[in-house]
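Computed from heavy atoms alone, side chains included, the values below leave out hydrogens, waters and symmetry copies.
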Amino acid sequence: MEITIIRPDDWHVHLRDGELLERVARFSAYQFSRVLVMPNLNPPITNTALCLDYRDRILRGVPGELDFNPKMSLYLTDQTSLQDVFDAASCEHVLGFKLYPAGATTHSEQGVTRIAPMMRLMEEMAKHDTVLQVHGEVTDQHIDVFDREAMFIDQILLPLHEEIPDLRIVLEHITTRQGVEFVRDTNSNIAGTITPHHLLYNRNVMFSGGISPHHYCLPVLKREEHRMALLDAATSGNPSFFLGTDSAPHTRQNKETSCGCAGIFSAISAMEIYAEIFEQANCIDRLEGFASRFGADFYQLPYNTGTLTLEKRNWKIPLYLDGPDNESGDQITPLKAGEQVSWAVKAGDG
């Protein structure tokens, strides 16, 4: 059994930089024609000049024969200027600005501390049809970590959308029923990306057999009712929901510590895992919309001209990717490491 779809896009990925970039970017390029690259490097990618330099480094890290077009997001800070918005709007490679509430996730320390002073910038983004990509969690330490997405929607996103309804917003890596409802029940200017790990797991997996750092991500996995809401949304055929892996590689020495960092690396097998999820939901015919059409439509881009063929074939995801020194600390543990999946990208597909 095979399925062939328009070559898909990943609308939320972390490619890192330097040696780590060279190790992981090729996996995204093998499966996806376009990716939207997150800007939370250290230091962050805050303007178009830095963005274009970073994009060049990404392309140098990918085999030249691959048809790969990284699109970029700029890191929104309290110091972002109107000129930054104008520059981004005039650059074909920049699709928007990423809003990280300060302290919400990896390398978000320079993120936005207060929304109110940013409204003038966001009005200009709306005028220039520039998309706001949002990490949707409040950072108040008094708010339960499992409630931070729902609270962000109530306190920040709904008022923002009501005040600037023309601003196109993507609520990234939604994890809750409330996130699904917000995207589904507002207008076509609102969309949401959904990751493979939030479709696969609920929060129990983080504690199965002990603490599992390789299942720790931000936003964290939630209750089963929320996973089911995400699964229904992803497989519904609703064009407001589309693929964003949030693939975020970290070495084992940074994950398996007393303060393990957040992030799950899925780029090595993302489309195979999505295909398995859609097949199990009896919706394999809807995979192309979710993976190849809906995100392109939202970002007002043409569909990719190539195709990707997946074949029904069992294979095992490796336990880890070796690092440059072949030491355990340099290894990267992928999603579903050591497990078998039932779909595979067909060799030679391009």
Side-chain angles (χ1 to χ4, degrees), residues 10-28 31-32 35-45 54 58 61 70 73 75 98-111 133-137 139 145-146 148-149 172-175 193-203 205-207 211-222 230 243-270 273-274 317-323 328-337:
D10 182 354
W11 296 108
H12 184 125
V13 69
H14 299 268
L15 296 182
R16 309 306 188 201
D17 209 351
E19 182 272 328
L20 195 54
L21 165 65
E22 294 175 359
R23 291 170 62 189
V24 304
R26 58 192 174 96
F27 292 105
S28 293
Q31 298 206 349
F32 300 103
V35 297
L36 181 61
V37 184
M38 295 296 105
N40 59 329
L41 303 184
N42 189 17
I45 305 300
Y54 181 34
I58 292 169
S73 178
Y75 192 114
K98 180 61 181 282
L99 168 58
Y100 291 106
T105 188
T106 304
H107 296 161
S108 62
E109 295 80 7
Q110 297 183 52
Q133 295 106 13
V134 177
H135 181 111
E137 292 187 288
T139 57
V145 67
F146 296 105
R148 290 179 184 176
E149 180 173 292
E172 304 280 8
H173 43 49
I174 55 176
T175 65
T193 57
I194 304 179
T195 77
H197 47 279
H198 288 108
L199 291 172
L200 284 172
Y201 304 123
N202 63 38
R203 64 188 185 179
V205 74
M206 291 189 291
F207 310 105
I211 300 295
S212 175
H214 296 290
H215 291 112
Y216 171 51
C217 58
L218 287 172
V220 296
L221 302 167
K222 303 298 196 302
L230 295 174
L243 187 155
T245 64
D246 193 20
S247 181
H250 293 283
T251 59
R252 287 180 61 187
Q253 63 187 348
N254 289 325
K255 288 290 284 183
E256 298 174 4
T257 69
S258 60
C259 187
C261 49
I264 294 176
F265 176 60
S266 61
I268 190 172
S269 56
I273 293 174
Y274 279 119
I317 297 173
L319 287 171
Y320 49 79
L321 303 181
D322 273 326
S328 62
D330 291 327
Q331 295 168 348
I332 300 170
T333 300
L335 178 65
K336 292 177 71 72

Q: Please report the closest heavy-atom contact between Val37 and Pro70, naming both atoms and the distance.
A: CG2-CB, 4.1 Å
**Q.** Residue of the set Arg203, Arg148, Lys222 for which side chain to side chain donor-acceptor pair (under 3.5 Å) holds with Thr175
**A.** Lys222
Q) Please, which pairs that meet salt bridge (Lys or Arg N to Asp or Glu O under 4.0 Å) have at least one residue in residues 256-269, sequence neighbours excluded? A) Arg252-Glu256
Q.
Working to the nearest 0.5 angstrom, can you tell me the gap between Asp10 CG and Gln31 CD?
A. 9.0 Å
Q: Could you list the residues that satisfy side-chain hydrogen bond (donor to acceptor under 3.5 Å, both in side chains) with Glu137, not counting sequence neighbours?
A: His135
**Q.** Side-chain heavy atoms of His14 within contact of Ser247, under 4.5 Å
**A.** no
Q: Would you give the length of the straight line joining atom CZ of Arg26 to atom CZ of Arg23, rounded to the nearest 0.5 angstrom?
A: 9.0 Å
Q) Which residues satisfy the side-chain hydrogen bond (donor to acceptor under 3.5 Å, both in side chains) test with His198, sequence neighbours excluded? A) Thr195
Q. Where is the tightest heavy-atom contact between Pro101 and Thr139, given as atom of each residue plus distance?
A. CB-CG2, 3.9 Å
Q) By salt bridge (charged side-chain N to carboxylate O under 4.0 Å, His left out), which residues pair with Lys336, not counting sequence neighbours? A) Glu339
Q: Check Gly111 against Ala102 and note the closest heavy-atom contact, atom names and distance.
A: O-CB, 3.6 Å
Q) Taking only residues two or more places apart in sequence, or in another chain, which ones meet Leu335 in a side-chain contact (heavy atoms from CB on, under 4.5 Å)? A) Pro196, His197, Leu200, Tyr201, Ile264, Ser266, Ile273
Q) Mind checking whether Ser73 and Pro39 have side chains closer than 4.5 Å, heavy atoms only? A) yes
Q. How long is the span from the CZ atom in Phe27 to the CG atom in Leu321, to the nearest 0.5 Å?
A. 4.5 Å
Q: Give, for atom OH of Tyr216 and atom SG of Cys261, the distance between the pair rounded to the nearest 0.5 Å.
A: 9.0 Å
Q | Steps toward side chain to side chain contact (heavy atoms under 4.5 Å, CB included) verdict (Tyr100, Met38) | A | CA-CA 11 Å; Tyr100 291 106; Met38 295 296 105; 3.7 Å; yes
Q.
Thr333: which residues meet the side-chain hydrogen bond (donor to acceptor under 3.5 Å, both in side chains) condition with it, sequence neighbours left out?
A. none
**Q.** Close side-chain approach of Tyr54 and Leu15, heavy atoms under 4.5 Å
**A.** yes
(Q) If you define the side chain from C-beta out and look only at heavy atoms, does anything of Thr245 sit under 4.5 Å from Tyr274? (A) yes
Q.
Using side-chain heavy atoms (C-beta onward) and a distance below 4.5 Å, is Pro249 in contact with Arg16?
A. yes
Q. So which heavy atom on Asp246 is nearest to which on His173, and how close?
A. OD2-CD2, 3.4 Å
Q: Might you point out which heavy atoms bring Pro213 and Lys255 nearest each other, and give the distance in Å?
A: O-NZ, 2.8 Å
**Q.** Nearest heavy-atom neighbours spanning His12 and Lys98
**A.** CE1-NZ, 3.3 Å
Q) Within a strict 4.5 Å, meaning less than it, do heavy atoms of the Glu19 and Asp330 side chains meet? A) no
Q: To the nearest 0.5 Å, tell me how far Asn42 CG sits from Ser108 OG.
A: 11.0 Å
(Q) Measuring only between side-chain heavy atoms, which start at C-beta, is Glu172 closer than 4.5 Å to Thr193? (A) yes
Q) Does the side chain of Leu230 reach to within under 4.5 Å of the side chain of Ile174, using non-hydrogen atoms? A) yes
